[in-house]
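Below is one structure, written out as structure tokens, with a few remarks after it.
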Number of protein chains: 2
Amino acid sequence: MAKIQSKKNSTKKEVIIEKASKLFREKGFGAASMRDLAEHVGVEAASLYNHIQSKAEILQTICFKVANEFMTNLEQVEVSNQSTLKKMESIIRLHIRMMLDQYEYIYIADHEWRHLPEPYLSNFLNQRRNYRKRLGDIIEEGIAKGEMKHIDPYVAVLIILSAVSGIDSWQRSRKTTGAEALESNMVKYLIEGLKK
Amino acid sequence: MAKIQSKKNSTKKEVIIEKASKLFREKGFGAASMRDLAEHVGVEAASLYNHIQSKAEILQTICFKVANEFMTNLEQVEVSNQSTLKKMESIIRLHIRMMLDQYEYIYIADHEWRHLPEPYLSNFLNQRRNYRKRLGDIIEEGIAKGEMKHIDPYVAVLIILSAVSGIDSWQRSRKTTGAEALESNMVKYLIEGLKK
DNA sequence: AAAAAACGCTAACAAGTGTTAGTCAATTTT
DNA sequence: AAAATTGACTAACACTTGTTAGCGTTTTTT
């Protein structure tokens, strides 16, 4: 019944999704074709449909996998006993780390969600709005407690999320800056700012 | 010879590019079709080719228009007699303002440049790399002069550019935050940080 | 008024799209 | 060993893609 195949301990479906994530990032969801994907998997295009239901399903799987991962983490941070600043720092660090070692997935959830079919699109956007709202609440609390500057919480959330998601254009110059250095530099900036 | 048409003082070619920019942003370059565009312009698809050479040409026009605008501004800032912090502030403010009133164009130059055909793609990436390098130089100078924190300049540039380009997901909630408020909040954060 | 250019249209092209139907060998379950 | 499932294949479908050819009308230039 359960079909375990291919190189590593992964279903063929997982292999397809993994290859698709690379392809979707390189070419964009719309420009990546199933025949293209099939070639990377080493199979004919029609054979893909023995494992998946549609092209869109792949996108859904990726987007919601990412969304759930972030949401789960947020819930853990919310109930933890840290200062609001530390909470934000934890979240920032998680985003950076996920960006670094699940680059393709995060990129797609960040940039290709527009191509989700309804009702998944609305669902995804609701989750995203909810996530941002709750990040904003942490910042609001931080301001009220005098731990943070008086800044529009929504703008702050926007800056933080955009900044970490922008790591994608850093990808190629990995050599010049190490991963840990990048992380600490980003945290430093996002918490303490540019001005001395 | 010169053909001045349509509502405002704009060539039909300009109308096409304007409509295209909205379409490309909504659907992505790959998913937006010429027939789709033609309908928005109020013409048959084939007729578009009396004004443009190809779909790709539209993308090129948009991307390089934006790139040149930013580059021109950077050159002005570079030769000005401001502190490095003020220089960065000027640049940040310009980015935010352009994002607000040329949203569609900037978005496309930010997100759809991948679909540029060679040799335009390389050209565009070179310009972008150059732009970022020079922003980094300003920050490097700021650090050397003790005006800025000791932070990897490239990471700082990344954060700043990503943050301003992230305004796109703010677009719909314009009502809650005014444009000036957004600008001052972003500048405040990006210069002074989150921590009090 | 004549010549030329601009610009809309319809029809068509070659190529590519996601996806389904149906067949057959390999593998797993009974 | 028999039966059932899995999963690969080829062919094909209905449709969309960007783009060109060619015709005819309107607008501009001479």
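Below, each value reflects all heavy atoms present in this structure, side chains not excepted, and no hydrogens, waters or symmetry copies. Computed from a predicted structure; not experimentally measured. Below, read A as the first sequence line, B as the second, and so on, with proteins coming before strands; counting in each chain starts at 1.
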Write down the distance between CG (B:L37) and P (D:dG18), rounded to a whole number of angstrom. 9 Å
Nucleotide nearest A:A46 when distance is taken to its side chain, options D:dG18, C:dT20, D:dA8: C:dT20
When rounded to whole Å, the NZ to P distance for the pair A:K27 and C:dG18 reads 11 Å
What is the separation between atom CD on A:E39 and atom C1' on D:dA8, rounded to the nearest whole Å? 17 Å
In terms of heavy-atom contacts, does CD of A:E39 have more than 12 from other residues, nucleotides or ligands at under 6.0 Å? no
Taking only side-chain N and O atoms of A:H51, does any of them lie within less than 4.0 angstrom of OP1 or OP2 on D:dA8? yes
Check: D:dA8 base within 3.5 Å donor-acceptor of A:N50 side chain: yes
Grab the CD1-P distance between B:I52 and C:dG8 for me, whole Å please. 12 Å
For A:G142, is there any backbone N or O sitting under 3.5 Å from a side-chain donor or acceptor partner on A:K87? no
To the side chain of A:A45, which of D:dT20, C:dT19, D:dG7 is closest? C:dT19
Taking the side chain from A:S162 and the backbone from A:I159, do they hold a donor-acceptor pair closer than 3.5 Å? no
Counting any heavy atom closer than 4.0 Å, what does B:A32 reach on the DNA or RNA strands: base, sugar-phosphate only, or nothing? sugar-phosphate
What is the distance, rounded to the nearest whole Å, between atom CG of B:L59 and atom C1' of D:dG18? 15 Å
Under 4.0 Å between a side-chain N or O of B:K12 and OP1 or OP2 of C:dG8? yes
Is the phosphate of C:dT17, meaning OP1 or OP2, less than 4.0 Å from a side-chain N or O of A:K55? no
Check: D:dG18 base within 3.5 Å donor-acceptor of B:R35 side chain: yes
Distance check needed: D:dG22 C1' versus B:E44 CD, whole Å only. 16 Å
A:N185 side chain vs B:V155 backbone, donor-acceptor pair below 3.5 Å: no
Is the distance from OP1 or OP2 of D:dT17 to the nearest side-chain N or O of B:S33 less than 4.0 Å? yes
Taken to the nearest whole Å, CG/B:L48 to P/C:dG8 is 9 Å
Nearest of C:dG8, D:dT19, D:dT10 to any side-chain atom of B:V43? C:dG8
Write down the distance between CE (A:M34) and P (C:dA15), rounded to a whole number of angstrom. 23 Å
Is it true that A:E57 and A:K13 have a side-chain N and a carboxylate O under 4.0 angstrom from each other? yes
